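Have a look at the structure below before the remarks.
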Amino acid sequence: MNPEKITLGKSYDPVPIEDKWYEVWRSEGLFKADPESPKPPFSIVIPPPNVTGSLHVGHALDNTLQDILCRTKRMQGYEVLWMPGTDHAGIATQNVVERSLAAQGVSRHDLGREAFVEKVWEWKEQYGSTIINQLKKLGASCDWERERFTMDEGLSSAVRKVFVDLYNKGLIYRGKYLINWCPRCHTALSDLEVEHEEKTGKFYEVAYRIVGEDGSIVVMTTRPETILGDTAIAVHPRDERNRHLIGKKVIVPVVDRVIPIIEDNMVDPEFGTGFVKITPAHDPNDFLVGQRHNLEQIQVIDDNGVMNEAAGKYQGMDRFEARDAIVEDLEKMGALMGVQDKVHSVGECYRCHSVIEPYLSEQWFVRAKPLADAGVAKTKSGEIDFVPDQWTGVYYQWMENIRDWCISRQLWWGHRIPAWYCDTCGELIVAMEAPKACPKCGETHLRQDEDVLDTWFSSALWPFSTMGWPEKTKLLEKFYPTSVLVTGFDIIFFWVARMIMFGLEFMDGEVPFHDVYIHALVRDEKGQKMSKSKGNVIDPLTIVAEYGADAMRLTFAALTVQGRDIFLSKERIGTYRLFMNKLWNASRFALMNLEDAEAGQKWDDKDLLLHDKWILNRLSQVTEEMTQLMDGYYFGESARLMYDFVWGEVCDWYLELSKPALRGDEGEARRKSTQAVLLAVFEDTLKLLHPTIPFVTEELWQAFPFGTGIIERTSWPKPRLDNIDEKTLSDMDFVMDIIRVIRNLRAEARIAPQQPIPRVAIMAHTAEASSLLKETESQIKLLTKVEEINLFAAGAAKPERSLTTILDGVEVYMPVGDLLDVEKEVQRMKADLAKLQKDIEKGREKLANPQFVDRAPEEIISKEKATLADNESKFERISENLKSLTE
RNA sequence: GGGCGAUUAGUUCAGAGGUAGAACGCUUCCUUGACACGGAAGAGGUCAGAAGUUCAAUUCUUCUAUCGCCCACCA
């Protein structure tokens, strides 16, 4: 694909590179999933974004994580299907189109149903792919040719089939119940679509006169307007205070209706006065009481939230207006006994935040209990795993207390319910296609149900409807059940739980996915939920344009820690963008030194120095760790591991140490072997980083000698070394310590970084340390700009007028002659001694404690002993030096 | 009412039963042949509070406080 090797500019500019490679990947068919492939399957279905949406950071995070998984699995030899698509989003889309019509002074009723739906389709064609195009900017590697929409013909017929089957199994029913009604959206909502908000309202005490007696009873209500629909007063059967009144009658104030006092267990006899007004048509509790006692249901509020003819003089008033008016009237007539402030939760529409009205109407429901039970059983048996595990409990809690699901919506945009009524004989026909005639009476004029289905009904089928169900497709056979579902916790109930229920029911008991990875919610830097209405939305596309998609992806990955929300800020992304530049420049450096190198070039073990062996050991460790981290969805840890490895080890140490060899200062054999090590380090590192930052790694990959073909078509790296050599690692740690100490002394002595230090003396207490220092002398000199290192054995004369640092096993002396600020050096030593003194005391105390010596594991004790010995020896040596300095 | 999570450096956040880490910010020095979108060195923390378990707790348990979220038919 790129016969000419790419030359890299001095700094990384993401924009042209990202567009270029995305196009190459697509045209090369990298994202295509082949159901006939012999490779093992890995599949993800995208949580379909709403067609109304434009990409927000939540989508960006969600899809970045999915993309990282898909790309990793491709490299690991899986046949990957990432199924893309969008959701028709009933209420949201209808609202958007209605708003745009309203701007032209047109209502949907002016157009009529058919024309309106036509408009929505037009809108969808025009704007519905916005979000899909935005996803591509992030690098999402979906199999775009398979893109689906929840109202595609195929998916729509899947919806009808599911509906009909559930109806025939008795798992869908129709009936007149009290449901959540949004008077603004003019539709029923499921319980989940109601958001509860704690609000301070008024608690009114209202007197009802007892019929035929002087007295009255007092009830409490937060919604006085519902008094008009009262059809009973309830008392707990064992309420000592009030049960003598059961069976008597009272008069509803304002409307003067006579209603009975009944007994019912739902009343808490301790609460308030012990009397509860019962309004079966306007309160869910009261509705149940009404059913038990066969009470009349009097509706006083209509579907617009306006008082109806049954409300008498209040007819035509808005429900809240009527509340005030009734309170005023009650007060006038002396029936208002008191008003208190009361904090209670108020239900709001999750789309428009209007106050929800419990409303009595004919609706369709899914009998959820049997479906939920199956879901719980499959999860308990371990076929579905939630990650992190804490969400399992949340899911169980909801599933185990599930209530029937109201699925009918009084909207025009959505899957129309496949039910027809025969007005002649009253027959109800539920079928996939419109029936020609009533099977009972033969009437040909049938009326289809006006309602559409809850959007989440079709989303629940997504994992199999997108793969062609109910046909037995190759796609289903290969890729269902999907491997993992990646989503936010906010839709566990809306979507995850329902996919599990429907998946099990319609896919012969096969789960829709094995793992559910629940990620954080992205909030703004103040920790607020981002939302269009709050205007605190960070637009991912702006970020991509400004920082590059890779920077944003790495930021998401790094911030994704299991079980915690992400507070995103631009500064944060800026930090991770710097990493791209670092990687870019490290690669440039490598490439400058690899001009005559070849892919597959081998090193000779005898030509490797300590730092070469060290980086190969570290590379092997990192490769192994990365493989495990990706397997366990540890995105944050994996991103940080790579960040630290590349920046803190490869760049800060290895590249610096490799410079002389690459220049040829150490001979041709060393140069060739170092090149080989460099090739190995970059080859594996770029691969390990690729799933997270695909664009920059692809560009760099192409520039290296090993970069033939697309990086993602290569294989995930294996550790280069079979065994990690611990001694190499600890030796290198020792050398790095020495270098840091010398640099530290340099800074202490205020010697500028570029100014060479003529001489440093190191006293080695062991032969081992001595030989290691000899072996690495030139590396130490290189990184400290020391011209000469004098090694001397313990007991030999120490250099005079030196800055000193004492380490385990060695003492480092930097002679500074007259520059030595004796007073300052004494202060420093004294501070060190004080610290050591403390540590020594602590250590002695510990080792003198018989409990510790008895019970602590052997290795801890010996470690403690060694530390103490080191500290004591250091203490002694520093004291000695201090003495000689002050003499 | 039930449940979950958080509390660690000035800030944003990692982390582990054995003496605390990163990034940003801050201080000092440095345009050295990959990178100033950089390098080196440094300051900065009673790991919210209390009790318990343990040889050992910042890490495990319980309680408390503060903050946040979810669920619930509180009339």
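Since the structure is predicted, the reported quantities are computational estimates derived from the model, not experimental observations. In what follows, chains carry the letters A, B, and so on, assigned in the order in which the sequence lines appear, proteins first and then strands, with residues in each chain numbered from 1.
At a threshold of 4.0 angstrom between heavy atoms, the contacts of R577(A) with the nucleic acid are absent. Among the protein residues, F275(A) comes within range of no part of the nucleic acid, since none of its heavy atoms lies under 4.0 Å from any strand. Residue R663(A) is out of contact with every strand shown, counting any heavy-atom pair closer than 4.0 Å. Within 4.0 Å (heavy atoms only), T221(A) reaches sugar-phosphate atoms of the nucleic acid but no base atom. Within the 4.0 angstrom heavy-atom criterion, base atoms lie near D268(A). Residue contacts shown for V219(A) are absent, as no nucleic acid heavy atom lies under 4.0 Å away. If you check every strand for non-hydrogen atoms under 4.0 Å, R746(A) touches nothing. Within the 4.0 angstrom heavy-atom criterion, only backbone atoms of the sugar-phosphate kind lie near N744(A); the bases stay farther away. As judged by a 4.0 angstrom heavy-atom cut-off over every strand, T867(A) is placed among residues making no nucleic acid contact. Residue E656(A) is classed as a base contact, given a heavy-atom separation below 4.0 Å to a base. Residue P857(A) is classed as a base contact, given a heavy-atom separation below 4.0 Å to a base.
Pairing partner, C69(B): G3(B), with both Watson-Crick or wobble hydrogen-bond distances short of 3.5 Å.
Salt-bridge formation is detected for the pair D839(A)/K835(A): a Lys NZ or Arg NE/NH1/NH2 atom is positioned less than 4.0 Å from an Asp or Glu carboxylate oxygen.
For E205(A) and A75(B), a side-chain-to-base donor-acceptor distance below 3.5 Å is absent, hydrogens and geometry of angles not being considered. At a cut-off of 3.5 angstrom, counting only N and O atoms as typed in the model, there is no donor on one side facing an acceptor on the other between the side-chain of K785(A) and the base of U32(B).
The cationic atom of K659(A) (NZ for Lys, CZ for Arg) lies less than 6.0 Å from the six-membered ring centre of F589(A) and within 45° of the ring axis.
Side-chain N or O atoms of R553(A) include one that pairs as donor or acceptor with a backbone N or O of T692(A) at under 3.5 Å.
Heavy atoms from other residues, nucleotides or ligands lying under 6.0 Å from CD of E859(A) number 12 at most.
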Could you tabulate the donor-acceptor pairs under 3.5 Å formed by side-chain atoms of residues 843-854 of chain A, not counting sequence neighbours?
residue : atom : partner : partner atom : Å
R844(A) : NE   : E872(A) : OE2          : 3.1
R844(A) : NH2  : E872(A) : OE2          : 2.9
N849(A) : OD1  : Q851(A) : N            : 2.9

